[in-house]
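The chains referred to below are lettered A, B, ... by the order of the sequence lines, with proteins before strands, and numbering in each begins at 1.
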There are 2 protein chains.
Amino acid sequence: MASLQTTAVNDMQEALADVSESLERMMEQLLPQPEGVSSNIISLKDRNASAERSPVGGEAKVMEAMRYSTLGGGKRLRPFLVVNSACLFGVSREASLMTASAIEFIHTYSLIHDDLPAMDNDDLRRGKPSCHKAFGEAAAILAGDALQALAFQVLADPSVHPDAAVRCELVTAVAKAASCRGLVGGQMLDLEAENKELSVDEIIRLQRLKTGELFAISCEAGAILGKGAQPLRLALRRYANDMGLAFQITDDLLDAEGTREEAGKAVMKDSERGKATLVQALGIERAREQAQILARQAIRHLDVFDKKAGHLRTLAEYVVTRRS
Amino acid sequence: MASLQTTAVNDMQEALADVSESLERMMEQLLPQPEGVSSNIISLKDRNASAERSPVGGEAKVMEAMRYSTLGGGKRLRPFLVVNSACLFGVSREASLMTASAIEFIHTYSLIHDDLPAMDNDDLRRGKPSCHKAFGEAAAILAGDALQALAFQVLADPSVHPDAAVRCELVTAVAKAASCRGLVGGQMLDLEAENKELSVDEIIRLQRLKTGELFAISCEAGAILGKGAQPLRLALRRYANDMGLAFQITDDLLDAEGTREEAGKAVMKDSERGKATLVQALGIERAREQAQILARQAIRHLDVFDKKAGHLRTLAEYVVTRRS
């Protein structure tokens, strides 16, 4: 696969930016507003005015932490997948953006918890202090917890789909992707795997749990919303699996080569920490080849959609050619 | 209100034990089984046998931590409320036990996270080392996260109710109760309130968020499952609010008096930590009176159910007379 034409890269970046902007507005609406909450707490009728007291703004603090970590940053790859898979089935923009927001809330909560000192202990995220650095550990733990609850509240909302069975299917699929057999299991595996030698299969399995399951439901969500036939759902899951792994290998390559241009994320982090990556297991050249093979394979899964899945196709090429 | 007859206390304890046993079996089925998971991970085909390597059992560890904290302990008050409110509407035992399990998963996850060093820093829970003491902080954070996801997965399961709209309603109501305007907001308020002087209203508000919302949805869940009319749902919410607060005051009284017989939970903990309680704000005698008034008020809300809500009535008396 030759590297992408400059025009294709530009188109892709424009398409990503477009989803990001719409997503930002939707998440802004769905996230709780801290304004007014703390003032509620201060002005209670039998407040003892003589006692020295500062306002107790617990809820407002959690809400601010939720907004801080969710808004204004991130590649928004998962939302892009939701929106573009939903497009294949003629799903309304509002429904797909709500679903995309819910999945992004799950992703963000996992990043907040992953950054905690007891986990990966990262001080920076998306170019700014990580949630616990900005709000303290307790608020970060709780903001993550509240984001997870909010994700399911959004998915069960009638505006997502008039058919409640479809909403339940989304709740089930996202809950499974976020479960101890998905995202959470992958995070634990990742921590346990530090400084251990993992086989290629083990690393693939780890990645599939840690990032693959959420990629897969992001693609499948469109088919669920559009009541797509089973073979189409399966094709999207397969696309997601291959594209997700290609994305992860490229991430590891950028990390290993220390060429990541993006500010706000440390490079050479994984190897210093003794994290097993496919780049380490295969070497840079074979890993790069593997990413290309996976991207091509991902695109072939989209053949069932004929010409329709243009953005998803370009994305698979884009993730392996990006420089940040 | 005279203290409960010994026979009534015995009946209540028997009824609680009965729900506990059925719940335990249901949760045992719903929780993931760690067996077989780690062996999956060890026996991978291209494993380099010569390299020194220990099996990476990440998912199994999270699953064990989930089971450790959920099974074999706790008063199971919330499940008792679900089962007995569901009884009022002729809901099947399986549906009510599944719903009760989901709510107990939420409750357990909040206890696991609340016990973390960055939060309340408790080493003991239900008479045994708290989750992070037994499995480490990372596994405890992740086990809590996975329990929350599991709760919503269970609520969206068709076995809970044939009507998906009912399941969505449960997901919505539980997500709200667990949100930053419910449980999570209450936990943050509680942490922020340490060593601050709170008014009676502020303490009531804190308790309503921290424990009241989950009590309320536990009672309302039965009405949702049974498609109960709005006035009946409201009556159950009001019962839960008053009963929950009476329960909390009694908890604080037992803590302040240091008479808690139950092993495995430290007494005099709240005042040492500078936590605001109604006992502190009102004094022991007025707090005790208040608990009795609330219990009576809770029972009056059940008048709409005529004779049917026997267990819920007795529970309200029981929570203020218990000694542990």
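When each of B:Q148, B:Q153, B:Q187 is checked for heavy-atom pairs under 4.5 Å with chain A, B:Q148 comes out on top. Per-residue counts of heavy-atom pairs under 4.5 Å with chain B were compared for A:C168, A:G185, A:A177; the largest is that of A:C168. Annotation: maximal heavy-atom pairing with chain B below 4.5 Å, among A:A165, A:A175, A:P158, A:P117, occurs at A:A175.
Neither the backbone nor the side chain of A:L183 comes within less than 4.5 Å of any heavy atom in chain B. For chain A, the nearby parts of B:K176 are the backbone and the side chain; heavy atoms of each come within less than 4.5 Å. Only the side chain of B:L209 comes within contact range of chain A, with at least one heavy atom under 4.5 Å from a heavy atom of that chain. B:I106 does not touch chain A: none of its heavy atoms, backbone or side chain, sits under 4.5 Å away.
Ring orientation note: the planes of A:F152 and B:F152 are close to parallel, at an angle under 30° on the 30°/60° scale.
For the atom pair A:L206 CG and B:E59 CD, the distance stands at 9.0 Å (nearest 0.5 Å). For the atom pair A:K61 NZ and B:L191 CG, the distance stands at 8.5 Å (nearest 0.5 Å).
The nearest pair of heavy atoms linking A:C180 to B:M66 is SG-SD, 3.8 Å.
Between B:M63 and A:R181 there is a side-chain heavy-atom pair separated by less than 4.5 Å.
Taking 4.5 Å as the heavy-atom cut-off, the residues of residues 134-147 of chain B that approach chain A are B:E137, B:A138, B:A139, B:I141, B:L142, B:D145, B:A146, ordered by number.
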